[in-house]
Amino acid sequence: LQEAYVKTLNLAVTGGEKAAEAQKNVNQMQKDGAKYSVQYGKSQQAIAEGYQELIKRGYTSAEALGAMRSELQASVASGDDFNDVLSVTSQVVDAYGMRTDNAAKMTKNTKEVVNQLAYAADMTATDFQSLGKGMEYVGDSAHSAGFKLSETSAAMGILSNHGLEADKAGTGLRKVINSTTGALSDQEAAQKGSAASIDSLNEKIAEHQKKIADYQAAEKAGTKSSKSATSAIKTQQEAIEKLNGKVQAVQSGGTKDMLSKLGISRSQLVDSNGNLRDMTTIMEVINEKTKHMGTAQKNSVFNSLFGTTGQQAGIILAQNNQELDELNKKVEKSADGQGYVANLAKKNMTTVKAELQQFSQAGQAAMIMIGKQMLPVISEAAVKMAKAFNSKDGQEGLRKIADGVAFVSDKIIKLVEFIGTHSGEVKALGVAFASIWAFKKISDTVGWVKTAIGTYRELNGVLKTTAAL
C-alpha cells in the first residue's frame, strides 16, 4: 500500500506537479482511501491503484482526489468492476472536455458523468461497461457536434433496447451524427454556386485541420489522453476525407441534397446561432418526413442519409424519438442533489454481503494502522540487530553459536551412522527393553489380581457376619 502511494507521488512530480502540492494531495488520498475503503467495502490497495491509474491517464493529483468518491459510488451502485468504472468515466470526462485542475469542479464533473452513465445504463438494456465501450467511438464526435452527455447516453440506451450494443451502438450513433452534419453541408452546397461551395468546403477542411493540430498539441501537453486524442483526430480526418469528396462532387456537378428532397429545411435542424438542435428534435423531424413511407423506400432514404453503418441506428432513434426525449430528461437530472449513484450505492451497502465487505475492510484498516505503528520499532530493531551482528562481540557470539550447532550436528550424524552399522546390536537392545517392559506389565497385572481376590474375600466375610446378625 505504501509503495503504491509512493509511486503515485513520483508519477505526479515527474508529470510536472510541485513536490509539496503533490505530497499534500497524496497524503489526502491515503486518508480518503482509508475512509472510502470501509464506507464502500473496497480494499485500500484497489483504491490506491485507482488513484495511480488516474495519474497515469494524465490527471493531476487534485483532479484524481476530486474524482475518486464518485467513481467508487458508481461501482457500488452499478455492480460493475471498480477498474471498469474508472476507465469508462475518465475516458468520457476526456471526450467531453470536463477535466479541470480544480478539485471541487472535478468532483462536480465526475459526479455528473457517473450519474448520467449509470442512470442511462440502469434504465435500459445496456450496462456501464458496454455504454463506456460505445462512448469510445462516439464521445468525441457527439461533443464536437454539440450534443450533451445526457443525450448521447440516452441515445446509446435506446439503441441497446433495440439490439445495438457497445461498439455497434457507438459506431452507429457516430455515423448518424457525422452524416447529419454532412447532409446539412450537402444542402448548403447545393444552394450556393459551385465556386462559393468549394470555397466554403475548403474553409471547413482548414477548420478540421486546425482541430487536428489542437488535439495533437493537447496530447503532447498531457491535457488529453493519447487514446482520446487518437480517436478525436481520426474523427477529424474522416470529416476531411468526406469534405474532399464533396469538393470533387461539386466540381463534377453531382452533389446530392437528401434533406431538401425530404422537404427538411436547414432551420428545422439548426438554430439561429448555427448550432445543431437537440437530438430528439432532429430525429423527430426526420421521422415526420419518413413515417408514412413503405419499408423499401424508408430503408433507401435512411441509407442515403446515414450510410450502411448508421442506417439501423438512424431508424431506431427516429422511430423512438419520444422515448429518447423522456429518457434524456431523466438522465439529465440524475446528478441533482446527492445524485442517483450516491443514493443507490447507499441502499446497496445495506446487504449482508456489502456489510461483510465493510467489516473485512475495517479489520484490514486496523491491521494497516497497527503495521504503521510497528514499522518504526521493527525498523529500529533491525538496525540495532545488524549493528550488533557487525560488532566484534557479535561476530564472536555468532561464531560460538555456529560451533555449537556444528557440534550437535556432528553427534547426531555419528549416532545415525552407528545405528546403520550396528543394526543387530540395536535390534537386540530393543528386544531386551521390550521384554523388561512386558515383564513389568505382567507383574503389575498379577499384583492387581491378587489384590482383587483379597478384597473379595474380606467383603464376603463381612456379608456373612451381617447375615448371622
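Heavy-atom basis, side chains included; hydrogens, waters and symmetry copies ignored.
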| field | Heavy-atom closest pair, residues Ile282 and Arg277 | value | CD1-O, 3.3 Å
| Of all heavy-atom pairs between Leu131 and Leu117, which one has the smallest distance, and what is that distance? | CD2-O, 3.2 Å
| message | Keeping Ser144 on the side-chain end and Ser141 on the backbone end, is there a donor-acceptor pair under 3.5 Å? | response | no
| Any side-chain donor-acceptor pair under 3.5 Å between Ser267 and Ser265? | yes
| query | Going through the checks in order, is the side-chain hydrogen bond (donor to acceptor under 3.5 Å, both in side chains) test met by Gln45 and Glu49? | reply | CA-CA 6 Å; Gln45 185 67 34; Glu49 289 172 357; 3.2 Å; yes
| query | If you measure only the distance, is there a donor-acceptor pair under 3.5 Å linking the side chains of Asn25 and Ser61? | reply | yes
| CD on Gln30 to CD1 on Ile47, rounded to 0.5 Å | 12.0 Å
| Within a radius of less than 6.0 Å around NZ of Lys105, do more than 12 heavy atoms belonging to other residues, nucleotides or ligands occur? | no
| query | Roughly how far, to the nearest 0.5 Å, is the CG atom of Leu159 from the NZ atom of Lys168? | reply | 12.5 Å
| message | Would you say CD of Gln312 has more than 12 non-hydrogen atoms from neighbouring residues, nucleotides or ligands within 6.0 angstrom? | response | no
| request: Evaluate the criterion side-chain contact (heavy atoms from CB on, under 4.5 Å) for residue pair Thr180 and Val176; output intermediate values, then yes/no. | output: CA-CA 6 Å; Thr180 299; Val176 166; 4.3 Å; yes
| query | Is the shortest heavy-atom distance from the side chain of Thr110 to the side chain of Met68 under 4.5 Å? | reply | no
| Which distance, rounded to the nearest 0.5 Å, do you find between the NE2 of His208 and the CD1 of Ile205? | 8.5 Å
| message | Check whether Gln236 reaches the backbone of Ile233 with its side chain - one donor and one acceptor, N or O, closer than 3.5 Å. | response | no
| task | Indicate yes or no for a side-chain donor-acceptor contact from Glu332 to the backbone of Lys329 under 3.5 Å, with no hydrogens or angles considered. | result | no
| said: Nearest 0.5 angstrom please: Ile315 CD1 to Asn320 CG, how far? | reply: 11.0 Å
| If you draw a 6.0 Å radius around NZ in Lys227, do more than 12 non-hydrogen atoms from other residues or ligands fall strictly inside? | no
| said: I want to check something: taking the side chain as every heavy atom from C-beta on, are Phe302 and Thr290 in contact at a cut-off of under 4.5 Å? | reply: yes
| said: When you compare the side chains of Glu219 and Ser226, does any donor N or O come within less than 3.5 Å of an acceptor on the partner? | reply: yes
| request: Answer whether the closest heavy-atom distance between the side chains of Asn178 and Lys175 falls below 4.5 Å. | output: no
| How long is the span from the CD atom in Gln52 to the CG atom in Leu9, to the nearest 0.5 Å? | 11.0 Å
| Charged N-O contact under 4.0 Å between Lys211 and Glu207 | no
| Verdict with supporting geometry, Phe306 and Val301, side-chain contact (heavy atoms from CB on, under 4.5 Å) | CA-CA 9 Å; Phe306 305 123; Val301 167; over 6 Å; no
| remark: Correct closest heavy-atom pair for Thr152 and Ala142 would be OG1-CB, 3.4 Å
| said: Closer than 3.5 angstrom, by distance alone: can the side chain of Ser225 be matched with the main-chain N or O of Ser228 as a donor-acceptor pair? | reply: yes
| query | Got a donor-acceptor contact below 3.5 angstrom from the Asp325 side chain to the Asn321 backbone? | reply | no
| query | Do the non-hydrogen side-chain atoms of Asp186 and Lys246 ever get within less than 4.5 Å of each other? | reply | yes
| task | Go through the steps to decide whether Lys291 and Glu288 satisfy the test salt bridge (Lys or Arg N to Asp or Glu O under 4.0 Å), and finish with yes or no. | result | CA-CA 6 Å; Lys291 65 182 180 181; Glu288 283 297 317; 3.2 Å; yes
| request: Give the intermediate values and the outcome of side-chain contact (heavy atoms from CB on, under 4.5 Å) for residues Val13 and Lys18. | output: CA-CA 6 Å; Val13 173; Lys18 292 182 179 179; over 6 Å; no
| message | Do Met135 and Leu149 have side chains that approach each other closer than 4.5 Å (heavy atoms only, starting at C-beta)? | response | yes
| salt bridge (Lys or Arg N to Asp or Glu O under 4.0 Å) between Glu165 and Lys133, intermediate numbers included | CA-CA 9 Å; Glu165 278 273 18; Lys133 187 66 178 175; over 6 Å; no
| field | Side-chain (Lys242) to main-chain (Gly182) donor-acceptor, under 3.5 angstrom | value | no
| field | Greater than 12 external heavy atoms within 6.0 Å of Gln28's CD | value | yes
| query | What are the two closest heavy atoms between Leu173 and Ala155, and how far apart are they? | reply | CD2-CB, 3.9 Å
| said: Between Glu3 and Lys7, does the salt bridge (Lys or Arg N to Asp or Glu O under 4.0 Å) criterion hold? Intermediate values first, please. | reply: CA-CA 6 Å; Glu3 183 183 12; Lys7 287 182 178 179; 3.8 Å; yes
| Donor on one side chain, acceptor on other, Ser334 and Gln116, under 3.5 Å | no
| query | Just wondering, do Asn287 and Gln319 contact through their side chains at under 4.5 Å, heavy atoms? | reply | yes
| Does any donor atom in the side chain of Asn303 or Gln311 lie under 3.5 Å from an acceptor atom in the other side chain? | yes
| task | Return yes if some donor-acceptor pair links the side-chain N/O of Thr235 with the main-chain N/O of Ser231 below 3.5 Å, else return no. | result | yes
| remark: For Tyr215 and Ala229 the tightest heavy-atom approach is O-CB, 4.1 Å
| request: For the pair His143 and Tyr96, name the ring-plane relationship: parallel under 30°, tilted 30 to 60°, perpendicular over 60°. | output: tilted
| query | Under the 3.5 angstrom rule, does the side chain of Thr89 hit a backbone N or O of Leu86 as a donor-acceptor pair? | reply | no
| So do the side chains of Tyr340 and Asp122 get within less than 4.5 Å of each other, counting heavy atoms only? | yes
| Got a donor-acceptor contact below 3.5 angstrom from the Asn328 side chain to the Leu324 backbone? | no
| query | Taking Thr171 for the side chain and Asp167 for the main chain, is one N or O donor matched with an acceptor at less than 3.5 Å? | reply | yes
| At their closest point, which heavy atom of Tyr59 faces which heavy atom of Ala67, and how far apart are they? | CE2-CB, 4.4 Å
| field | Thr124 side, atom OG1; Met156 side, atom CE - distance, nearest 0.5 Å | value | 9.5 Å
| message | Could you tell me if Asp84 and Ser87 have a donor-acceptor pair between their side chains, going purely by distance under 3.5 Å? | response | no
| task | Kindly determine whether Ile212 and Ile240 satisfy side-chain contact (heavy atoms from CB on, under 4.5 Å), including the steps that lead there. | result | CA-CA 10 Å; Ile212 289 174; Ile240 290 172; 3.8 Å; yes
| Should Met29 and Lys24 count as side-chain neighbours, where that means a heavy-atom distance under 4.5 Å? | no
